[in-house]
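Encoded as structure tokens, the structure appears first; notes follow it.
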Protein chains: 2
Amino acid sequence: MIKPGDKKVLKKFGENLRKLRKNKSLSLRQMSYACSIDNSKIAKIEKGMVNVTLTTLLQLAHALDTHPCSLLDYDNPE
Amino acid sequence: MIKPGDKKVLKKFGENLRKLRKNKSLSLRQMSYACSIDNSKIAKIEKGMVNVTLTTLLQLAHALDTHPCSLLDYDNPE
DNA sequence: CAGACTGCGGTCTTTTTAGACCTCAAAGAT
DNA sequence: ATCTTTGAGGTCTAAAAAGACCGCAGTCTG
């Protein structure tokens with residue numbers, strides 16, 4: 001299901017997520033605790049290996065204390 | 001997996017999606033064609049019965065010719 | 001009435017997420 | 001050298017999404 005075109009999107013999303021996490025100076029395990037998502041999974045998300053669902057997206061945003069939009073804000077206007 | 005707390009979120013998301021679709025005066029089948037998502041599925045999403053993934057979210061946003069953020073822009077920062 | 005469109009709901013199979021747990025190597029500090 | 005933290009991968013099960021197809025009732029129009 002993960003089409004080649006999607007991989008790029010997921011990768012970008014992951015990179016942005018990582019950036020935001022680093023900004024908060026959170027380790028994977030700290031963030032895991034903050035949003036009840038397994039650290040190994042967050043790592044996979046950051047690497048673009050997972051197509052997160054809406055609720056997961058919101059959990060991540062909550063843990064980062066930011067609006068969900070921030071997680072989608074990697075978009076470069078075309 | 002869809003926890004009771006999530007249902008509310010998905011419902012709100014769906015309602016917002018429907019609002020945006022109506023704004024564009026698109027029928028389910030028209031939108032289905034625009035984003036390659038089955039019309040029955042879109043109906044389910046709008047009713048909050050599906051926890052959409054990131055790529056699906058982006059497909060929907062694309063079909064509505066709007067930024068993904070708009071889909072998350074219901075008043076629910078939490 | 002007939003025909004078209006609409007939203008909605010159901011079924012089915014394949015693929016994937018969610019979630020939990022475990023291991024490991026590298027880097028840090030004590 | 002030891003202990004801890006960190007990021008990264010791996011495995012496994014159960015639940016759910018993806019995707020496609022079908023049918024139905026209501027509405028509208030010719």
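Protein chains get the first letters and strands the later ones, always in sequence-line order, with residue 1 at the start of each. Since the structure is predicted, the reported quantities are computational estimates derived from the model, not experimental observations.
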Send over the distance from [X] [atom1] to [N] [atom2], rounded to a whole Å.
| X | N | atom1 | atom2 | answer |
| --- | --- | --- | --- | --- |
| Tyr33(A) | dT6(D) | OH | C1' | 19 Å |
| Met31(B) | dT6(C) | CE | C1' | 15 Å |
| Leu58(A) | dA18(C) | CG | C1' | 15 Å |
| Ile42(A) | dT17(C) | CD1 | C1' | 15 Å |
| Asn51(A) | dA17(D) | CG | C1' | 9 Å |
| Leu54(A) | dA18(D) | CG | P | 11 Å |
| Glu46(B) | dT6(C) | CD | P | 13 Å |
| Ile45(A) | dG19(C) | CD1 | C1' | 11 Å |

For a quick test of reading the model: is some side-chain N or O of [X] closer than 4.0 Å to OP1 or OP2 of [N]?
| X | N | result |
| --- | --- | --- |
| Thr53(A) | dA18(C) | yes |
| Lys47(A) | dG7(D) | no |
| Ser27(A) | dT6(D) | yes |
| Arg21(B) | dT6(C) | no |

In the structure I gave you, are the side-chain heavy atoms of [X] and [Y] within less than 4.5 Å of one another anywhere?
| X | Y | answer |
| --- | --- | --- |
| Leu28(B) | Glu46(B) | yes |
| Leu60(B) | Arg21(B) | no |
| Leu64(B) | Met31(B) | yes |
| Ile45(A) | Lys41(A) | yes |
| Leu72(A) | Leu57(B) | yes |

Sub-3.5 Å pairs of nitrogen or oxygen atoms, protein against nucleotides 20-26 of chain C:
from, atom 1, to, atom 2, distance (Å)
dC21(C), N4, Asp38(A), OD2, 3.0
dC21(C), N4, Ser40(A), OG, 2.8

Does atom CG of Asp65(A) have more than 12 heavy-atom neighbours from other groups under 6.0 Å away?
no

Pair Glu15(B)-Lys19(B), salt bridge (Lys or Arg N to Asp or Glu O under 4.0 Å): steps then yes or no:
CA-CA 6 Å; Glu15(B) 286 168 3; Lys19(B) 195 184 69 189; over 6 Å; no

